[in-house]
Every structure is written in structure tokens, then in C-alpha cells.
Amino acid sequence: MLTFEEKLAIIESFPQLTRNDVSLKRVNFHYEESLHDKKTVVYHLHPNGNGFVFAAFLKGYQKDDKGYVNIRDFSADELRKVVEASIQSLSVKREPAPKATSSAEQLEQTWVDKQNRTLLLQQEDALWNVYHGMNLEASFESYLEAEQYLIEEGFSLQQ
């Protein structure tokens, strides 16, 4: 496990973050250029080694209900990777998840890439499914996860 000082040094190596000392010797780091209301990237980094990084828009991390991942046992590489990914995720504007007008209505969106290929994003019960024609391409538990996937694959929402 990295020490508080080691974690602090890694996080402070990101010039885009602003340090904010909070109570009980804990430290937060904000990304002021965030395109979202959320600006806190590192939350309550504590001298005991505990702390959290905002990962709500990231795949592959076990997150709490506020979208934070606990970094207590992260290696130096893991910490750098999640902080960098968090900053990147806050640098991309996301459309708010659309709301169905009734429980019987399913939401559908068409996403297009630069080669004019299309994928269909469809809400089906509790899942967001991405289809290429009739074939299921991917399935996600939230709109944000599906949106991140589509953006990473080079697609944008067709207006």
C-alpha cells in the first residue's frame, strides 16, 4: 500500500488538479475545468492511506453509490491511471440520460460514426443495449456506461 505522502505526490503531479485541504487532515483535489457539475476528482485523501477517486463514468471499477472508487490499496500505476481517467471523463460533455414518458415506452437513440456507420442504443427494462443491425453489440447497466462506450468507439448521437 502506498503511503499518504506517495499518493499525494502522484496526485499533485497532475497540474490540472487544485488541492483543497479539508477537515481531519484530509485533502480533496478538484478539476476546475470539468464540463460537469462534478469537480472533485480525489475525495478525502486521508493520512491513513484511505481516499476516493471519482469514477462514475468509468468502467472496470467497483464504485460506491456516489460514483467513487476506494484507492486505499491501489499501486502507483493504478492510482495514476484512475486519476487520469477521471480527469478525462470529466473533460467530455455527456448528454443527460433521457427519460421515458411512460413505463411501457422504450427509449431508442441512433449513434453515428465518421464512416456513417450506425448503432442503436435502446433501453430495455433495466439495461441499455447497443445494437448493430439486429445483433446485440453490448449491454450496460446505465445510460452513462453505454454513452461512454459509444463515445470511446467514435460514435456521436444523431440529432
Side-chain angles (χ1 to χ4, degrees), residues 1-101 103 107-109 111 113 119 121-130 137-157 159:
M1 180 173 85
L2 297 171
T3 66
F4 173 73
E5 291 76 19
E6 291 169 326
K7 288 179 183 174
L8 204 53
I10 291 168
I11 296 165
E12 287 178 334
S13 73
F14 289 90
Q16 13 349 13
L17 298 179
T18 304
R19 179 180 172 151
N20 294 296
D21 294 332
V22 293
S23 62
L24 304 174
K25 298 183 182 178
R26 294 176 296 189
V27 182
N28 290 348
F29 285 87
H30 294 176
Y31 177 50
E32 298 300 335
E33 295 169 23
S34 173
L35 297 179
H36 299 271
D37 290 339
K38 173 61 71 182
K39 295 197 182 307
T40 305
V41 171
V42 178
Y43 179 70
H44 284 179
L45 181 62
H46 192 277
N48 71 7
N50 206 20
F52 303 89
V53 171
F54 184 70
F57 302 132
L58 306 178
K59 293 185 282 189
Y61 294 99
Q62 184 176 351
K63 300 164 260 198
D64 65 16
D65 58 346
K66 293 181 182 177
Y68 285 93
V69 61
N70 190 309
I71 58 168
R72 179 189 224 20
D73 297 323
F74 274 36
S75 70
D77 288 339
E78 290 170 324
L79 181 57
R80 274 188 209 90
K81 182 179 176 185
V82 74
V83 170
E84 185 175 337
S86 180
I87 293 168
Q88 178 60 34
S89 76
L90 293 172
S91 299
V92 176
K93 188 65 177 164
R94 289 173 170 70
E95 297 291 325
K99 304 285 185 225
T101 55
S103 59
L107 294 175
E108 290 185 359
Q109 293 180 336
W111 289 69
D113 70 2
L119 293 177
L121 175 61
Q122 186 174 44
Q123 182 184 20
E124 297 173 334
D125 298 320
L127 295 176
W128 290 89
N129 295 323
V130 177
E137 175 92 12
S139 189
F140 303 92
E141 293 180 358
S142 74
Y143 177 83
L144 290 176
E145 289 176 318
E147 179 187 47
Q148 179 182 2
Y149 169 79
L150 288 162
I151 290 169
E152 288 174 357
E153 293 297 318
F155 286 80
S156 59
L157 183 60
Q159 300 297 330

Using the side-chain contact (heavy atoms from CB on, under 4.5 Å) rule, take Y149 and E137 through it: C-alpha gap first, then chi angles, then the decisive distance, then the call.
CA-CA 11 Å; Y149 169 79; E137 175 92 12; 3.2 Å; yes

Measuring from atom CD of Q122 to atom OG of S139, what distance do you get when rounded to the nearest 0.5 angstrom?
11.0 Å

Closest non-hydrogen atoms of F14 and R80, given as atom of the first, atom of the second and distance, are CZ-O, 3.6 Å

Quick one: which residue pairs count as a side-chain hydrogen bond (donor to acceptor under 3.5 Å, both in side chains) with a foot in residues 39-50, not counting sequence neighbours?
R26-H44, H30-T40, H46-N48, N50-N70

E152: which residues meet the side chain to side chain contact (heavy atoms under 4.5 Å, CB included) condition with it, sequence neighbours left out?
K59, Q148

Gap separating the OG1 atom of T18 from the CG atom of N28, nearest 0.5 angstrom:
11.5 Å

Got V130 and L150 here, is their nearest side-chain heavy-atom distance under 4.5 Å?
yes

Compare all side-chain heavy atoms of E153 with those of D113 and state whether any distance is below 4.5 angstrom.
no

What's the spacing between E33 CD and L17 CG if we round to 0.5 Å?
10.0 Å

W128-F140 aromatic ring centre distance below 6.0 Å
no

Could you give the distance from CD1 (I71) to OH (Y61), rounded to the nearest 0.5 Å?
11.0 Å

Give me the atom names and distance for the closest heavy-atom approach of Y68 to K38.
OH-NZ, 3.0 Å

I need the minimum non-hydrogen distance between L157 and W111, along with the two atoms involved.
N-CE3, 3.3 Å

Evaluation steps, side-chain contact (heavy atoms from CB on, under 4.5 Å), between I10 and V83
CA-CA 9 Å; I10 291 168; V83 170; 5.9 Å; no

Taking everything shown except E84 itself, do over 12 heavy atoms lie less than 6.0 Å from its CD?
no

Can a side-chain donor-acceptor contact be found between S86 and Y31 if the only test is distance below 3.5 angstrom?
no

Does atom CD of E141 have more than 12 heavy-atom neighbours, drawn from other residues, nucleotides or ligands, at distances under 6.0 Å?
no

Contacts of type salt bridge (Lys or Arg N to Asp or Glu O under 4.0 Å), residue D21, not counting sequence neighbours
R19

If I compare all heavy atoms of K25 with all of F4, which pair ends up nearest, and what's the gap?
O-CZ, 4.3 Å

How many angstroms lie between CG in L2 and CG in L8, if you round to the nearest 0.5 Å?
11.5 Å

Please walk me through it: do V69 and F74 pass side-chain contact (heavy atoms from CB on, under 4.5 Å)?
CA-CA 10 Å; V69 61; F74 274 36; 4.0 Å; yes

Taking C-beta and beyond as the side chain, do V82 and E78 meet within less than 4.5 Å on heavy atoms?
no

Out of curiosity, E145 CD to L58 CG, how far, rounded to the nearest 0.5 Å?
10.0 Å

